[in-house]
Amino acid sequence: MNPLTTSAFDLPGHLSPKADPALIADDEQHFAAIAECLEQSIADLSDRLDAERKAPGGAGRQAMDRDMEIHRLTARLRALRRFGMDLCLGHMVSADNPEPVYVGRLGLTDSAGRRLLLDWRSPAAEPFFGATHANPMGLASRRRYRWARSRISDYWDEVFTPDGLVGHAALDDQSAFIASLGSNRSARMRDVLGTIQADQDTIIRAGSRGALVVDGGPGTGKTVVALHRSAYLLHSDPRLGHRRGGVLFVGPHQPYLGYVADVLPSLGEEGVQTCTLRDLVAEGAVAAIEADPNVALLKSSANLVKAIETAVRFYEEPPTTGMTVTTHWSDIWLSAEDWAVAFEAAPGIPHNEARDQIREELLTILVDKHDGDASAELLRKSLLQNRELLTTFDRAWPLLEAADLVGDLWSVPAYLRKCAPWLSSDEVQQLQRGVAQAWTVSDLPLLDAARQRLGDPEAARRKRRHSASVAAEREHMAKVVDALLEADDDGEGVMTMLRGQDLQDTLVDVTAQPSTEPDLLAGPFAHIVVDEAQELTDAEWQMLLLRCPSRSFTIVGDRAQARHGFTESWQERLERIGLDRINLTSLSINYRTPEEIMAEAEPVIRAVLPDANVPTSVRSSDVPVVHGSAADLNSILDTWLAAHADGIACVIGDPTFRTTSRVRSLTPELSKGLEFDLVVLIDPEAFGKGIEGAVDRYVAMTRATQQLVILTSS
């Protein structure tokens, strides 16, 4: 990047009064300093990164620290190269200091220690987002920039005191903000950090203790808040750092994750894990929707998930009769009480991973009971080859697979009745199916609970293989040392140090574990952010509670957009699934959907949910909602595409329509969380009846930022 040689401002002709040097000269000077600092910072970071990569890797903690430093430098370098000048969001002037403070996506300090950009997540930057005319938070004025192709295409000044007006502000108040609301959408969520509003910023910066609920209707910026809060908390709260578990962001479906994929990196944060609930379980990729709504309802219960504990305990019952263990030296009696003691040797450890500890406890009991001449080591080796003992142990505490365990529930009625005795005979029968492992989305919470409770069935095998490998390496190294010492003529000096056991131990790498890909979504996480949380069943909530022992959540949703109904309060729902310390907040201003569209959408949801949190739109598009025939779909799209060089349209409700580069085709459910310039609904009355149908129509209607067209086939 070269130092700034041209103006950072590229204002269109109708905004020429804003190009007055009296208004932008200070900005130009500051941008020149930022450009120079960026060039130097990128060069310095590149040199440091090259040096780190060429440095010796080391071992253990040293290697981990080196890898983390390389990751940190790479992320910082990527962010600086990605944005360049448009790292800067705007500036603010305090009432008691005329020197502007510039706020950026990242903090930036020049070589002399001068702060050029204040990180947006720092406490000092809060007034830039939170100041209002009712509460200016000490500001005299604020300026926000609108960037296009690395140049400023507009800026928006707000003045909070009479002094803020003098020579510093171009008062076409709200121009950049309102323009941004109506601007064309793209396949990815646009950058909105520079226009975060005070009501949103208050929630973004709220503390992380307990569960914070953000309830808001369409267009209120719930997703914006959820994403920015993820980046803010990970940066600002030391209790949530990567070494403490980090932050997990859970979205409703893959099109949504693709849509928001650029947002977190644009906020200077690449460390947030993102996923859908399906991604938490391997079977999620192929799981079908449960065909029978009654079966789906039964499986949505948290009680059925908790029945997994009983299902596993069935395989952890010690033998009720003793046995005689025959060795080369004597017979040893292993009583039922001895088995019971051994089975209590690994409390709290996943079933499969506890096997080795329980087996070791059995061996210890047998060795202690033996009164023959054999050494303990020799007796242990003999016992480990005792086929009858090992067979009995394998039957009493078998290795289990989660898929087999859950599959048995759906194929062995007696097993399901034992694990879930509250189910009626009819309900047990409903849950049975011909292909036990034909997984559905409703099975995922049970599979997840089983996998968490059982642990990795391969872990014990890998550990044993590793121990055997280390033992073999020790034996080999001992032979090498003996050979070296035997070849040493004088038997003195450095060679004699090899006799020391500590030095010999350093020659064997006992820390190297067999390589396995870590499950980045297994947790535990320090904080979890859930968007479209109104859709989660009690069973699905258990998947997240398992991954967040701290119970630190940001829960974002809208009761009026729950497809299966949400008649209780957030407080009631969350307390029932196991959360406490619940704080409720609400967003009520619709920044996205024009009032013309909301006027048609509101009666749709009010008809089934009279208390729906329907937000108030802040703008009008002056474009009425159009009603017409589905036969006109292609001509409507062609006309719109010809009139709009940019922007994205979406057809909702026509499975035969194929997605193109600028027109998506989605179901109402998969449109949730997304937004488009033009939305065309096909036969919305066919979306369904009751609450589910009304919610799907309401959600689909409120995806439009400019125009809504409703077409019917008859």
Side-chain angles (χ1 to χ4, degrees), residues 202-204 206-217 220 222-223 225-226 229-230 233 237 239-240 245 247-252 276-277 280 296-310 420-423 441-442 444-446 448-449 452-453 523-588 608-613 672 691-692 695:
T202 299
I203 297 171
I204 290 169
S208 66
R209 295 187 184 277
L212 176 68
V213 177
V214 185
D215 182 83
T220 55
K222 297 187 301 299
T223 296
V225 167
R229 180 164 166 76
S230 300
L233 288 178
D237 191 333
R239 298 182 304 107
L240 308 183
V247 175
L248 175 68
F249 184 96
V250 182
T276 68
L277 285 171
L280 297 178
L297 183 61
L298 287 172
K299 291 181 181 179
S300 71
S301 165
N303 285 335
L304 202 53
V305 175
K306 292 171 183 175
I308 291 296
E309 176 63 28
T310 307
W422 61 87
L423 293 174
V441 173
S442 302
L444 300 184
L446 290 102
D448 186 57
Q452 296 266 350
R453 176 62 175 82
F525 292 94
H527 188 84
I528 295 181
V529 179
V530 192
D531 200 0
E532 303 294 349
Q534 74 277 353
E535 299 294 357
L536 270 62
T537 66
D538 290 4
E540 288 170 336
W541 271 112
Q542 302 309 307
M543 300 170 76
L544 301 183
L545 293 176
L546 278 172
R547 288 166 171 78
C548 192
S550 67
R551 300 295 191 261
S552 177
F553 281 86
T554 298
I555 297 163
V556 181
D558 178 13
R559 292 170 58 247
Q561 294 186 60
R563 298 184 74 242
H564 303 295
F566 198 132
T567 56
E568 59 198 331
S569 68
W570 280 108
Q571 188 91 20
E572 291 167 336
R573 166 70 61 87
L574 298 176
E575 285 178 349
R576 190 179 71 242
I577 58 98
L579 287 175
D580 55 9
R581 296 184 300 166
I582 301 165
N583 295 308
L584 302 173
T585 61
S586 181
L587 294 170
S588 57
V608 293
L609 291 171
D611 67 338
N613 179 10
K672 186 168 289 186
I691 289 178
E692 186 171 314
V695 167

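What's counted below: heavy atoms across the whole structure, side chains too, no hydrogens, waters or symmetry copies.
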A.B. asks: Just to verify, which of Arg453, Gln542, Arg547 counts as forming a side chain to side chain donor-acceptor pair (under 3.5 Å) with Asp448?
C.D. replies: Arg547
A.B. asks: Taking all heavy atoms of Ser550 and all of Phe525, pick out the closest pair and write down the distance.
C.D. replies: OG-O, 4.5 Å
A.B. asks: Can Arg559 and Glu568 be said to form a side chain to side chain contact (heavy atoms under 4.5 Å, CB included), step by step?
C.D. replies: CA-CA 9 Å; Arg559 292 170 58 247; Glu568 59 198 331; over 6 Å; no
A.B. asks: Would a 4.5 Å heavy-atom cut-off, applied to side chains only, mark Thr585 and Leu212 as touching?
C.D. replies: yes
A.B. asks: Strictly distance-based, threshold 3.5 Å: is any side-chain N or O of Lys222 a donor or acceptor partner for the main-chain N or O of Gly216?
C.D. replies: yes
A.B. asks: Give a yes-or-no answer on whether the side chains of Trp422 and Asn303 include a donor-acceptor pair shorter than 3.5 Å.
C.D. replies: no
A.B. asks: Are side-chain N/O atoms of Thr554 and His527 paired as donor and acceptor at under 3.5 Å?
C.D. replies: yes
A.B. asks: If every non-hydrogen atom of Val305 is compared with every non-hydrogen atom of Pro445, which pair is closest and at what distance?
C.D. replies: CG2-CB, 4.0 Å
A.B. asks: Dump the intermediate steps for side chain to side chain contact (heavy atoms under 4.5 Å, CB included) on Leu546 and Trp541, then the final yes or no.
C.D. replies: CA-CA 9 Å; Leu546 278 172; Trp541 271 112; over 6 Å; no
A.B. asks: Test side chain to side chain contact (heavy atoms under 4.5 Å, CB included) on Trp570 and Ile582; report intermediate values, then the result.
C.D. replies: CA-CA 9 Å; Trp570 280 108; Ile582 301 165; 5.8 Å; no
A.B. asks: Looking at side-chain heavy atoms only, is the closest gap between Leu444 and Leu280 below 4.5 Å?
C.D. replies: no
A.B. asks: Report yes if the side chains of Val213 and Leu574 come closer than 4.5 Å at any heavy-atom pair, otherwise no.
C.D. replies: yes
A.B. asks: Can you find a pair of side-chain heavy atoms, one from Asn613 and one from Ser586, that are under 4.5 Å apart?
C.D. replies: yes
A.B. asks: Is there a donor in the side chain of Gln534 and an acceptor in the side chain of Glu532, or the other way round, less than 3.5 Å apart?
C.D. replies: yes
A.B. asks: I need the minimum non-hydrogen distance between Leu233 and Ala206, along with the two atoms involved.
C.D. replies: CD2-O, 3.9 Å
A.B. asks: For a quick check under 3.5 Å, do Ser208 and Arg239 share a side-chain donor-acceptor pair by atom type?
C.D. replies: yes
A.B. asks: Is Val556 close to Val225 at the side-chain level, that is, under 4.5 Å between some pair of heavy atoms?
C.D. replies: no
A.B. asks: Under the criterion side chain to side chain donor-acceptor pair (under 3.5 Å), which of Gln561, His564, Lys672 is the partner of Glu535?
C.D. replies: Lys672
A.B. asks: With no hydrogens and no angle check, is any side-chain donor or acceptor of Thr220 less than 3.5 Å from a backbone partner on Gly217?
C.D. replies: yes
A.B. asks: Hey, what do you get for NZ (Lys306) to CG (Leu446), rounding to the nearest 0.5 Å?
C.D. replies: 12.5 Å
A.B. asks: Hey, are the side chains of Val530 and Leu248 touching, using non-hydrogen atoms and a 4.5 Å cut-off?
C.D. replies: no
A.B. asks: Begin from the C-alpha positions of Thr276 and Val250 and carry the test side chain to side chain contact (heavy atoms under 4.5 Å, CB included) through to its verdict.
C.D. replies: CA-CA 5 Å; Thr276 68; Val250 182; 5.7 Å; no
A.B. asks: Heavy-atom distance under 4.5 Å between the side chains of Leu609 and Phe566, does that happen here?
C.D. replies: no
A.B. asks: Minimum heavy-atom separation for Val529 and Ser230, please, with both atom names.
C.D. replies: CG2-OG, 3.4 Å
A.B. asks: Of all heavy-atom pairs between Ala560 and Ala612, which one has the smallest distance, and what is that distance?
C.D. replies: CB-CB, 3.6 Å
A.B. asks: If you apply the rule salt bridge (charged side-chain N to carboxylate O under 4.0 Å, His left out), what do you find for Arg576 with Asp538, and how did you get there?
C.D. replies: CA-CA 8 Å; Arg576 190 179 71 242; Asp538 290 4; 2.8 Å; yes
A.B. asks: With a 4.5 Å cut-off on side-chain heavy atoms, are Leu584 and Asp215 touching?
C.D. replies: no
A.B. asks: Could you state the interatomic distance from OG (Ser552) to CG (Asp237), rounded to the nearest 0.5 Å?
C.D. replies: 7.5 Å
A.B. asks: If I compare all heavy atoms of Ile577 with all of Leu545, which pair ends up nearest, and what's the gap?
C.D. replies: O-CD1, 3.0 Å
